[in-house]
Amino acid sequence: MMLITTLFTASLAMFALGDPNIRLPCSTISGTPCNCPVGTEYSESSTFAVLGATASDVGLLLNDFSNPAWTGNDPLTLQGPNNVPILSYRERNLSTSVGSYVFRERLMFRYESLIDGSFEQRFEQRGAIPYASGNGSFQGLWTTLKGDRVFQNQTLVEANIYACQTGYPINFAEYYQTGLANATNILTAVGLIRGVNVSPASVQLF
Ligand SMILES: *[C@@H]1O[C@H](CO)[C@@H](O)[C@H](O)[C@H]1NC(C)=O
Ligand SMILES: *[C@@H]1O[C@H](CO)[C@@H](O)[C@H](O)[C@H]1NC(C)=O
Ligand SMILES: *[C@@H]1O[C@H](CO)[C@@H](O)[C@H](O)[C@H]1NC(C)=O
Ligand SMILES: *[C@@H]1O[C@H](CO)[C@@H](O)[C@H](O)[C@H]1NC(C)=O
């Protein structure tokens, strides 16, 4: 059942990935652009980097939803089993330009290629989190983190995010650039960088 739900979600997500004719409310399977709840603004952000390591080594560090230490934000709590789509949740305290907030994130999809080590993880934050001061809120945040084997010791990593918020209080580009630079340092420290690193760069439309 679990597997079927996951495959179903994944195939819907792929189906919806293009430019939808009808905009759906933002969700894991809505595709983009999508409709944000009234009063919030849609935003999207992409960050890319090449890590000079094998995709499976990069995946060991990055494709662990339950232990995202490379981001510098350890979970405050974990709920459900580790790394099982739909069932795994984590709460993290993230800093934004309007204060620190505890975001409850749910793993929606997770894949790892047994053939070449390429990987993908999607997670979401849903529901309204009101700002501590002022009248805004966070109303959804969808993240896809991917690692593609390019060559034996070259892995292209992408963090793609769309979100519904009041204004643009989270600098996703800065967050993932810092995290991916940190991931490169961690892999270097344990001797797993064998290729060429390309520093993170971002496209952020706000
Ligand atoms: C880098 O990763 C280390 C080890 O996982 C973690 O302790 C640290 O907080 C991270 N630093 C940043 C700036 O993300
Ligand atoms: C979240 O982090 C901020 C800033 O470091 C801190 O002041 C706050 O107490 C933390 N909140 C929780 C629930 O850990
Ligand atoms: C909420 O904030 C927005 C933007 O700052 C402002 O335009 C609006 O009038 C505020 N609404 C209320 C009910 O205070
Ligand atoms: C990848 O790294 C390994 C270990 O250092 C090395 O043996 C191999 O030749 C490298 N592959 C390429 C294509 O450079």
Side-chain angles (χ1 to χ4, degrees), residues 45-79 82-83 88-107 110 112-119 121 123 125-134 136-138 141 143-161 163 165 167-202 204:
S45 173
S46 301
T47 295
F48 318 91
V50 175
L51 276 59
T54 64
S56 52
D57 285 342
V58 175
L60 275 180
L61 182 64
L62 264 54
N63 199 22
D64 188 348
F65 176 78
S66 307
N67 181 14
W70 60 279
T71 63
N73 286 114
D74 289 329
L76 301 172
T77 64
L78 293 174
Q79 290 165 280
N82 284 352
N83 293 314
S88 300
Y89 291 86
R90 69 183 180 202
E91 287 184 314
R92 295 191 298 161
N93 186 9
L94 301 183
S95 141
T96 79
S97 67
V98 292
S100 291
Y101 291 85
V102 175
F103 288 89
R104 186 164 189 262
E105 297 166 314
R106 183 184 198 183
L107 181 64
R110 185 169 176 276
E112 181 188 331
S113 166
L114 298 177
I115 297 167
D116 71 8
S118 294
F119 61 90
Q121 184 188 124
F123 54 90
Q125 174 270 319
R126 293 193 84 131
I129 302 175
Y131 293 169
S133 61
S137 60
F138 302 96
L141 180 55
T143 303
T144 301
L145 181 66
K146 291 176 68 162
D148 282 316
R149 180 196 192 275
V150 179
F151 293 118
Q152 184 180 19
N153 301 321
Q154 302 296 144
T155 303
L156 172 65
V157 177
E158 294 174 43
N160 296 320
I161 294 123
Q165 307 163 343
Y168 306 103
I170 306 181
N171 189 338
F172 301 109
E174 186 180 55
Y175 185 80
Y176 281 101
Q177 287 193 20
T178 304
L180 290 174
N182 197 30
T184 306
N185 291 339
I186 293 167
L187 293 172
T188 302
V190 295
L192 291 175
I193 297 295
R194 290 152 175 170
V196 178
N197 300 317
V198 179
S199 300
S202 304
Q204 190 157 260

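Counting starts at 1 for both ligands and their atoms, in listed order.
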For [atom], grab the closest protein heavy atom and report residue, atom and distance to one decimal in Å.
| atom | result |
| --- | --- |
| atom 13 (C) of ligand 1 | Thr178 CG2, 4.0 Å |
| atom 8 (C) of ligand 2 | Asn93 ND2, 3.7 Å |
| atom 7 (O) of ligand 1 | Ala69 O, 4.7 Å |
| atom 9 (O) of ligand 4 | Gln152 OE1, 4.4 Å |
| atom 12 (C) of ligand 1 | Asn182 ND2, 3.3 Å |
| atom 4 (C) of ligand 4 | Arg194 CD, 3.5 Å |

* Nearest heavy-atom neighbours spanning Pro200 and Leu180 ->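 Closest approach of Pro200 to Leu180, heavy atoms only: CG-CB, 4.0 Å.
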Under 4.0 Å from a heavy atom of [X]: which atoms of ligand 1 are those, numbered in the order shown and with their elements?
| X | result |
| --- | --- |
| Gly72 | 9 (O), 10 (C), 14 (O) |
| Thr71 | 14 (O) |
| Trp70 | 5 (O), 14 (O) |
| Ile186 | 2 (O), 4 (C), 5 (O) |

* Asked: Would you find more than 12 non-hydrogen atoms of other residues, nucleotides or ligands less than 6.0 Å from Glu174 atom CD?
  ->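 Counting other residues, nucleotides and ligands, CD of Glu174 stays at 12 neighbours or fewer.
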Between the main-chain N or O of [Y] and the side-chain N or O of [X], is there a donor-acceptor pair closer than 3.5 Å?
| X | Y | value |
| --- | --- | --- |
| Asn197 | Gly52 | yes |
| Ser56 | Gly117 | no |
| Asn83 | Phe65 | yes |
| Gln125 | Gly127 | yes |

* Can you check whether Glu158 reaches Thr144 side chain to side chain, under 4.5 Å on heavy atoms? ->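 Glu158 vs Thr144: side chains apart.
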* To do: Name the orientation class of the two ring planes belonging to Tyr131 and Tyr101 (parallel below 30°, tilted from 30 to 60°, perpendicular beyond 60°).
  =>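 Judged by the thresholds at 30° and 60°, the geometry between Tyr131 and Tyr101 is tilted.
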* To do: Heavy-atom contacts with Asn153 under 4.0 Å: which atoms of ligand 4 show up? List them by number with element.
  =>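 Counting atoms of ligand 4 from 1, those under 4.0 Å from Asn153 are 1 (C), 2 (O), 3 (C), 8 (C), 10 (C), 11 (N), 12 (C), 14 (O).
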* What atoms of ligand 2 come closer than 4.0 angstrom to any heavy atom of Ser100? ->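 With Ser100 as reference, the close atoms of ligand 2 come out as 1 (C), 2 (O), 3 (C), 4 (C).
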* Donor on one side chain, acceptor on other, Gln204 and Asn171, under 3.5 Å ->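 Result is yes, a qualifying pair exists.
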* With backbone taken as N, CA, C and O and side chain as the heavy atoms from C-beta onward, which portion of Asn185 lies under 4.0 Å from ligand 1: side chain, backbone, both, or neither? ->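 Neither; no heavy atom under 4.0 Å.
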